[in-house]
Amino acid sequence: MNWGRLIVKNAAKTALAAAIALPMSIGMNAAASAETTLRVVMHSDLKIVDPIWTTAYMSRNYGYMVYDTLFAMDSDTTVHPQMVDTYTVSDDKLAYTLTLRDGLKWHDGAPVTSEDCIASIKRWGSKDSMGQKLLEFVADFTVVDDKTFTINMKKPYGLVIASLAKPSSNVPFMMPKRVAETPSSDQITDYTGSGPFVFNTEEWKPGDVAVFEKFDDYVPRSEPASWGAGGKVVNVDRVEWISIKDHQTAVNALLEGEVDYLEAPPTDLLPLFEGNDDITAKILNPLGNQYMFRLNWLHPPFDNVKMRRAALMAINQVDFVQATIGNPDYYKECPAMFVCGTSFASDEGTEIVMKSDIEGAKKLLEEAGYDGTPVVVMQSTDVDVLNNLGPVAADKLKQAGFNVDLQAMDWQTLVARRAKKEAPSEGGWNVFMTSWTAADILNPISAAGYGASCDKAWFGWPCDEKMEELREAFATETDEGKQKALAIEIQKRAMEVVTHAHAGQWYQVPAWRSDKLSGVLGGPFPIFWNIAKSE
Amino acid sequence: MFGFIIQRLLATIPVLGMVAVFVFLMLRLTPGDPAAVLAGDNGTPEQIEQIRQSLGLNEPLLVQLGIWVGNLLQGDFGQSYFFKKDVAELILLRVEPTLALAITTLILTIAVAVPIGVIAAYKHGTWIDRAVMAFSVAGFSVPVFVLGYILIYVFAMEVKLFPVQGYKEISDGFWPFLHRLILPSITLSVIYIALIARITRASVLEILGEDYIRTAYAKGLTPSTVLRKHALRNAAVPIVTVIGIGIALLIGGVVVTESVYNIPGLGRLTVDAVLGRDYPTIQAVIIVFSFVYVVINLLVDLTYSLLDPRIRY
């Protein structure tokens with residue numbers, strides 16, 4: 001970086017712009033008002049513009065703006081072709097042949113080809129856990145022609161299409177071959193996609209504003225839009241993601257019409273919108289989010305299944321959601337680990353987390369010979385919807401007789417510490433809590449919590465051969481009925497060995513200027529196609 | 001004088017060097033791992049390890065320090081872990097809002113604080129003096145964010161004279177630029193007005209008791225001439241010192257105001273970088289702040305000699 005040149009360049013640019021801005025400002029404003037701009041405040045600012053490199057939700061949301069997917073899930077959690085026009089599956093379920101829709105183009109005008117899609121699947125599959133699982137079963141890819149390719153399987157796999165329609169991080173977004181050939185360990189630097197919006201890199205000011213412009217050559221499907229599926233019809237010229245860190249300021253900006261849409265206003269500020277006919281605040285994603293109670297299997301006391309079961313007996317869902325969300329309109333107790341209202345939802349085997357049984361937990365602890373080993377509970381203090389989970393967990397565990405050491409820290413420290421395998425006394429941990437968007441946990445392959453492959457499992461490192469067998473059986477099963485039965489078995493096993501616990505379902509409540517916006521759609525991620533704005 | 005300036009500027013080199021090494025080591029010793037943050041909430045241990053390697057965070061601390069210092073000596077602050085942009089570019093993007101807020105605040109502060117401080121001293125013991133002191137106490141006592149929200153509620157949401165939030169670059173037009181800075185500047189300046197008004201009052205009050213002031217009156221000079229030419233000039237050294245310290249504090253202390261009014265300045269960049277453990281950005285911002293502090297102190301020292309001919313370097 002040449003400082004001198006950069007300073008001179010910026011100073012000159014600013015001075016020149018200032019010199020011409022004053023007389024021209026009226027004209028410029030008039031020109032600017034001709035286009036429709038949707039001003040949005042997201043839950044965080046856009047940092048990483050590679051939705052395969054990271055699982056951050058903001059990068060996923062960015063991905064949905066700029067890229068498209070081969071398949072997509074709708075609001076009934078049914079999968080539909082998206083970039084794909086038609087597809088066939090061979091009788092032996094070993095060959096999936098996909099044909100792309102006519103007219104698909106990259107933002108640079110080049111046509112989307114089979115080779116682009118194959119390279120994209122490979123990059124995604126080298127990073128994402130569900131993609132990695134898929135690629136374990138893929139023998140190779142065959143290019144039939146520019147618009148058609150075949151995925152050849154080593155053996156039948158029940159989640160080929162479901163994987164390609166994965167709705168949340170990491171989403172299998174399609175990228176041009178030259179971009180998708182970037183190693184998944186490196187971030188991409190070419191932001192060309194084929195999605196309904198083009199990312200304006202010139203106007204991107206990190207930490208301030210990210211700008212997206214309508215992609216005029218995008219060809220929407222003819223079906224109505226629903227989640228990531230259907231016709232992504234863009235009715236505005238620009239979308240600006242404005243970063244406003246202070247919640248009260250963001251709410252004030254919406255009330256005054258300076259912004260049009262808030263993705264995630266905190267629930268305690270929602271009463272400010274009550275009685276205001278110009279603003280609508282409502283749940284757009286009926287599946288919402290789910291809290292997770294996670295134990296560390298590596299260290300005492302939770303290296304013992306009885307101790308883990310005792311912890312599970314101590315907690316209950318309602319205490320967590322009341323402490324964090326508060327308003328019953330925005331949370332629900334849900335016995336289904338795969339989220340209430342979805343195809344694998346079931347109540348079986350989960351009674352233990354629905355109601356605390358402190359006496360039962362005490363007895364189990366005694367039976368297991370608990371020796372007072374301190375239990376380190378990590379509490380995040382800077383994410384509104386997570387802050388109170390730690391103290392509630394600590395309180396319930398104390399009631400059951402655990403010797404609890406509640407440690408407060410910011411979320412970034414927590415995510416670093418949860419990766420440590422050391423003993424809690426040496427910087428490790430015993431318990432932490434987090435939240436998942438429901439779309440991440442709809443099946444036992446995409447949901448990280450069920451993995452029980454010891455060292456390779458998600459933080460907490462559960463180690464259970466039977467769970468891994470059940471997950472493998474689920475992955476290879478192609479019959480939906482049998483998949484559901486296996487999902488129930490997996491849920492019961494998760495409770496038996498305590499890979500984790502589902503600690504309540506809760507909902508984000510977006511708010512928007514209903515006097516200006518129409519066609520606002522819900523989904524497991526924010527959707528900005530279909531929205532029309534009147535100035 | 002020239003030799004003094006060179007000497008002082010050379011002295012900044014070891015200061016900045018020590019700051020650089022201290023900040024580098026402190027960041028590495030603080031809990032948190034940028035790789036875990038970058039991987040996202042669903043990131044697997046394997047993904048985190050991959051990111052650590054790609055960022056060179058697995059290298060020994062001394063190797064990391066050597067690489068960073070080497071780049072720094074060539075004027076390269078490195079790239080932000082998150083944005084994959086040069087840190088220098090990120091800082092330059094944020095300099096204008098912070099500088100604009102600091103300058104407007106400073107102008108407002110001096111324009112209000114010095115006159116009311118002088119008047120309070122001149123009218124010592126009267127209701128004007130007491131009113132200025134009461135304002136000072138209130139100015140110190142009200143937290144910046146509370147004042148910010150009150151001003152937003154009254155002037156932006158009720159009276160609708162100003163926007164609630166946001167920043168316009170000067171290149172977007174001078175009035176839109178200024179319009180969005182008025183409330184933040186008032187918010188930020190109140191505490192400095194309180195501070196500088198008190199110092200000015202105390203300083204002028206002390207000077208007004210001096211023999212040469214009595215002599216000046218005896219010569220038949222008007223009160224305003226005595227105040228301007230004899231009292232204020234002699235009282236200026238402590239006032240300039242406090243203003244200098246105020247500017248330094250202002251540069252680093254705009255975080256809350258930037259947050260409440262959504263101004264994308266250096267304060268917010270620093271907080272975001274700290275929360276995200278974006279080491280290259282934090283290191284660069286702190287070095288820039290340190291350099292600014294050193295330069296401001298130098299300017300304050302130089303100003304002394306302009307105000308008081310007895311001070312020579």
Side-chain angles (χ1 to χ4, degrees), chain A residues 1-3 6-7 10 13-14 16-18 21-22 25 28 45 47-49 53-57 59 127 129 168-170 184-187 189 205-209 242-246 248-250 252-253 255-256 258 382 409-410 412-413 415-419 434 436 440 448 456 458-459, chain B residues 31-48 50-51 53-54 75-77 80 82-90 92-94 96 149 152-153 156-157 160 163-167 169-176 259-262 264 268-269 271-272 275-277:
Chain A
M1 168 61 56
N2 184 330
W3 266 93
L6 196 58
I7 291 170
N10 275 276
K13 208 172 77 182
T14 305
L16 181 67
L22 204 57
S25 61
M28 280 168 66
D45 55 330
K47 292 188 176 77
I48 301 164
V49 280
W53 191 81
T54 178
T55 61
Y57 286 148
S59 302
K127 194 83 176 177
S129 53
S168 194
S169 300
N170 301 94
S184 62
S185 55
D186 297 338
Q187 284 186 48
T189 51
K205 292 180 191 163
D208 182 13
V209 65
I242 299 165
S243 174
I244 302 183
K245 293 289 163 66
D246 187 278
Q248 183 65 57
T249 302
N252 289 345
L255 286 166
E256 289 305 300
E258 292 176 19
D382 58 338
M409 61 197 77
D410 69 339
Q412 314 303 357
T413 301
V415 295
R417 190 164 165 186
R418 74 182 178 184
T434 187
W436 298 87
D440 278 324
K456 288 183 180 169
W458 201 67
F459 315 104
Chain B
D33 179 1
V37 181
L38 286 161
D41 290 353
N42 306 358
T44 60
E46 192 188 350
Q47 288 171 340
I48 293 174
Q50 205 178 39
I51 293 170
Q53 272 181 6
S54 71
D76 181 4
F77 279 146
S80 159
F82 288 95
F83 305 118
K84 283 289 151 196
K85 283 179 177 277
D86 285 329
V87 171
E89 195 184 333
L90 287 178
L92 279 177
L93 273 175
R94 304 298 189 97
E96 187 194 296
Y149 286 137
I152 288 172
Y153 180 72
M157 302 185 73
K160 300 194 189 296
V164 165
Q165 53 81 42
Y167 174 77
E169 289 179 7
I170 196 163
S171 55
D172 292 331
F174 186 71
W175 174 240
S259 184
V260 169
Y261 289 98
N262 192 34
R268 262 181 51 188
L269 178 69
V271 171
D272 290 349
L275 290 176
R277 309 293 192 268

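Hydrogens, waters and symmetry mates are skipped; everything else that's a heavy atom, side chains included, is used. Lettering of chains follows the sequences in order, A, B, ..., and the numbering in each one begins at 1. It should be emphasised that the depicted structure is a prediction, and the values quoted were computed from it without experimental measurement.
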Which region of [X], side chain (C-beta onward) or backbone (N, CA, C, O), has a non-hydrogen atom less than 4.5 Å from a non-hydrogen atom of chain A, or is it both or neither?
| X | answer |
| --- | --- |
| B:I48 | side chain |
| B:E169 | side chain |
| B:L90 | side chain |
| B:Y153 | neither |

Under 4.5 Å from a heavy atom of chain B, the part of [X] involved:
| X | value |
| --- | --- |
| A:A419 | side chain |
| A:T434 | neither |
| A:S243 | both |
| A:K127 | both |
| A:D410 | side chain |

Query - chain A interface, residue from B:A35, B:A39, B:A36 that has the most non-hydrogen pairs under 4.5 Å - result: B:A39
Report summary line: Heaviest contributor of heavy-atom pairs below 4.5 Å to chain A, chosen from B:P264, B:P45, B:S259, B:G32, is B:P45
Which residue out of [options] racks up the most heavy-atom pairs below 4.5 Å with chain B?
| options | answer |
| --- | --- |
| A:V209, A:T413, A:N170 | A:T413 |
| A:N252, A:I242, A:D208 | A:N252 |
| A:L255, A:T54, A:D382 | A:T54 |

Return yes if some donor-acceptor pair links the side-chain N/O of [X] with the main-chain N/O of [Y] below 3.5 Å, else return no.
| X | Y | value |
| --- | --- | --- |
| A:E256 | B:Q165 | no |
| A:Q187 | B:K84 | no |
| A:S185 | B:Q50 | no |
| B:S54 | A:D186 | no |

Query raised in the report: Is the number of heavy atoms from other residues, nucleotides or ligands within 6.0 Å of NZ (B:K85) greater than 12?
Result: yes
Requested in this report: Answer yes when A:K47 and B:D272 have at least one side-chain N-carboxylate O distance shorter than 4.0 Å, and no when they do not.
Outcome: no
Query raised in the report: Atom CH2 in A:W458, atom CZ in A:R418: separation rounded to 0.5 Å?
Result: 4.5 Å
Query raised in the report: With a 4.5 Å limit on heavy-atom distance, are the side chains of B:D33 and B:R277 in contact?
Result: no
Query - 4.5 Å side-chain heavy-atom contact, A:K245 and A:D45 - result: yes
